[in-house]
Amino acid sequence: MEETSTMPDSAVPGPVPAVPPTPPVPLAALLAREDLGLRQIAGPQDSATVIHWAHTSEMADPYPYLLGGELLLTAGVHVPEAAGSGTYFDDYVSRIVEAGGAALGFGVAPVHDTVPRALVVACDDYGLPLVEVPPRTTFSGVARAVWQLMAQARHTELRRVTEAQQSLAAAAARPDPVPSVLRQLAQRVGGRAALYAPDGGEVASAGRMPAAGTGAGARGEVSGALAGLVAVVRPATGNGSGAGTGDVSAGSGTGAGTGKGPGGGGPTPSSASDTAAGVHLAAYALGTGQGFVLGVAAPRRDPGDHTIASVGAVLLSLLTGEHQSSTGAARSSALVRLLLGAAPEEVAPLLGGGERWVVVHARPDGPAPDAVTASALGAALGSALVDVDGDVVRVLVPAGRREPAVQPGWTCGVSAPVGPHEWGSGDTQAGRALSRARATRARLVRHGEHPGLADLVPPDEAAAHARTVLAPITANPALTETLRTWLSLHGSWDRTAVALSVHRNTVRQRIARCATLLSTDLDDPDVRMELWFALRHA
């Protein structure tokens with residue numbers, strides 16, 4: 001029988017099941033909808049029971065089709081007539097529980113007049129909430145209600161995160177910025193926030209340490225676990241890799257996880273999360289290069305808490321960071337020398353890089369980036385050399401430190417490694433790579449520099465040939481760039497329009513104009529090859 005699902009697109013299973021991007025919906029909130037008329041008739045009535053999505057299945061064994069956290073809806077089409085006298089319902093419910101299903105919804109009519117008694121007993125035995133769906137309520141209506149509740153929860157969470165970001169930014173502008181940011185962060189997560197020095201001691205803290213017990217022992221256990229988690233993410237060499245670039249599991253004070261403690265010699269995570277005595281813990285290595293770590297302890301972990309704490313980590317990185325160190329002074333010196341006429345290759349050593357650099361252009365999926373968002377991206381890429389240019393963030397990254405990788409929430413274009421005297425060319429390459437990434441809906445596109453037949457032609461001769469071939473359209477940069485983009489995307493009108501942010505009819509008109517001015521047939525592959533060669537050397 002065909003499977004249907006109401007999962008959000010972003011939760012479609014891949015190689016590793018992903019956590020859905022929306023907050024879960026309490027089952028109690030769904031039961032409270034009077035328009036649905038749902039009624040729980042078996043299983044524990046726990047206010048903590050939540051569902052992540054709704055899924056409809058009439059399979060006798062739905063286990064292979066469940067990801068966990070579902071409200072599984074069925075009309076009992078799969079139930080055999082003699083099911084009540086055997087182990088059918090025990091087997092059925094046990095498989096749902098084994099797959100991690102959150103609850104079972106049974107539709108009364110058109111197959112069954114009532115919910116089978118044996119199913120009620122099985123759900124009670126296995127602790128699976130069983131919800132009766134009345135005849136007047138369709139499964140699609142239940143799924144729609146789940147979506148509506150998710151949307152409301154998502155809106156509430158986004159508003160909470162936005163308000164927290166604003167309050168944290170305002171706190172960073174106060175005369176006592178570090179304590180103010182910690183106080184605001186502790187208030188927003190309902191727990192404690194602390195800044196740890198490279199030697200492991202607390203520099204400053206705010207809020208109250210939550211704990212399941214009220215005694216000093218319980219709070220001491222949580223404090224010790226948080227200190228252990230901080231030791232896990234602290235960079236062994238003092239080079240912070242960025243604030244809040246992703247959670248990794250870490251054992252309570254054990255140094256377990258993807259990173260090792262100081263001196264462990266292994267890769268160090270930039271953030272980690274754990275639970276101790278019922279308290280949710282998180283630690284974030286600040287991107288200051290000095291070994292500072294932000295520790296957060298909260299009684300619960302809401303979906304937006306990681307984002308809020310990451311913003312706090314970024315702000316603390318800026319407040320304790322390189323602009324107060326010799327590295328920051330060197331960057332200021334490099335800027336002044338450039339403004340006074342120094343060549344890029346002369347100032348490059350002051351920026352902490354070697355002979356080769358990579359330029360990254362990144363565009364966020366959401367609103368236009370601000371300084372905090374751009375700094376977080378730079379920290380994730382391993383560079384403090386960040387520029388916000390409209391809706392695009394440009395980052396200059398020393399080559400060889402870390403290969404720029406896909407960044408969640410961003411579309412990126414990456415240049416080939418270039419020398420300081422080629423920074424301008426790298427900027428152009430990264431911009432074109434970003435346009436291609438947006439056109440092809442790829443998360444990251446790198447500019448390709450591979451030896452080929454074009455390398456057999458001396459550069460000066462290739463440049464002279466390019467000037468001759470492209471002379472009729474050189475005076476109009478829009479025509480040149482449109483032709484370049486159109487050829488790179490194999491003549492796709494729609495993708496070229498997306499890459500250039502123009503209408504597809506504009507692309508058609510420009511390409512037709514190019515064909516006229518160049519007096520050539522752009523459908524001829526030989527012509528396209530020659531023009532592409534010329535554009536590469538223009």
Tell me if a side-chain donor or acceptor on [X] pairs with a main-chain N or O of [Y] at a distance below 3.5 Å.
| X | Y | answer |
| --- | --- | --- |
| Trp493 | Arg504 | no |
| Asp124 | Gly43 | yes |
| Gln165 | Ile308 | no |
| Thr137 | Leu36 | yes |
| Gln152 | Met150 | no |
| Thr138 | Gly141 | yes |
| Thr440 | Arg436 | yes |
| Gln40 | Ala42 | yes |
| Ser415 | Val359 | yes |
| Ser492 | Arg495 | yes |

Out of curiosity, [X] [atom1] to [Y] [atom2], how far, rounded to the nearest 0.5 Å?
| X | Y | atom1 | atom2 | answer |
| --- | --- | --- | --- | --- |
| Leu229 | Tyr196 | CG | OH | 9.5 Å |
| Asp61 | Arg95 | CG | CZ | 4.0 Å |
| Thr496 | Leu489 | OG1 | CG | 4.5 Å |
| Ile41 | Cys123 | CD1 | SG | 8.0 Å |
| Leu168 | Ser310 | CG | OG | 11.0 Å |
| Leu73 | Thr56 | CG | OG1 | 4.5 Å |

Are [X] and [Y] close enough that a side-chain donor and a side-chain acceptor fall under 3.5 Å?
| X | Y | answer |
| --- | --- | --- |
| Arg443 | Gln407 | no |
| Gln187 | Arg183 | no |
| Ser435 | Arg432 | no |
| Arg192 | Ser205 | yes |

Write down the atom of [X], the atom of [Y], and the distance for their closest heavy-atom approach.
| X | Y | answer |
| --- | --- | --- |
| Ser57 | Leu72 | CB-CD1, 3.8 Å |
| Val395 | Ser383 | CG1-CB, 3.9 Å |
| Gly191 | Pro210 | CA-CD, 4.3 Å |
| Leu315 | Ala169 | CD1-N, 3.9 Å |
| Ala276 | Val222 | O-CG2, 3.8 Å |
| Ala193 | Leu182 | CB-O, 3.8 Å |

task = Validate the cation-pi geometry between Arg363 and Trp410: distance from NZ or CZ to the six-membered ring centre under 6.0 Å, angle to the ring axis within 45°.
result = no
Can you tell if the side chain of [X] reaches within under 4.5 Å of the side chain of [Y], non-hydrogen atoms only?
| X | Y | result |
| --- | --- | --- |
| Val445 | Val414 | no |
| Val142 | Leu71 | yes |
| Ile96 | Leu128 | yes |
| Val97 | Ser94 | no |
| Val181 | Leu195 | no |
| Thr74 | Tyr92 | yes |
| Thr482 | Ile511 | yes |
| His55 | Leu67 | no |

ask   = Can you list the steps and then say if Leu444 with Arg446 is a side chain to side chain contact (heavy atoms under 4.5 Å, CB included)?
value = CA-CA 7 Å; Leu444 184 145; Arg446 304 179 191 276; 3.6 Å; yes
Centroid separation Trp53 to Trp147 less than 6.0 Å = no
ask   = For atom CZ of Arg300, is the number of surrounding heavy atoms from other residues, nucleotides or ligands below 6.0 Å larger than 12?
value = no
ask   = Are more than 12 heavy atoms from other residues, nucleotides or ligands located less than 6.0 Å from atom CG of Asn505?
value = yes
remark   = Residues passing the ring pair (Phe, Tyr, Trp, His ring centres under 6.0 Å) test with His112, sequence neighbours excluded, are Phe106
task = Please lay out, stage by stage, how Leu226 and Met209 fare under the test side chain to side chain contact (heavy atoms under 4.5 Å, CB included).
result = CA-CA 10 Å; Leu226 182 58; Met209 181 68 75; 4.2 Å; yes
key: Step-by-step side chain to side chain contact (heavy atoms under 4.5 Å, CB included) determination, Val311 to Val161   = CA-CA 10 Å; Val311 172; Val161 170; over 6 Å; no
query = side chain to side chain contact (heavy atoms under 4.5 Å, CB included) between Cys412 and His361: does it pass, once the steps are laid out?
reply = CA-CA 6 Å; Cys412 300; His361 280 210; over 6 Å; no
key: Pairing residues for Arg160 by the side-chain hydrogen bond (donor to acceptor under 3.5 Å, both in side chains) criterion, not counting sequence neighbours   = Glu157, Asp305
Verdict with reasoning, Tyr284 to His306, per ring-ring contact (aromatic ring centres under 6.0 Å, His included) = CA-CA 10 Å; Tyr284 302 80; His306 175 66; 5.6 Å; yes
remark   = Partner of Pro24 under side chain to side chain contact (heavy atoms under 4.5 Å, CB included), picked from Val146, Val50, Ile51, Leu149, is Val50
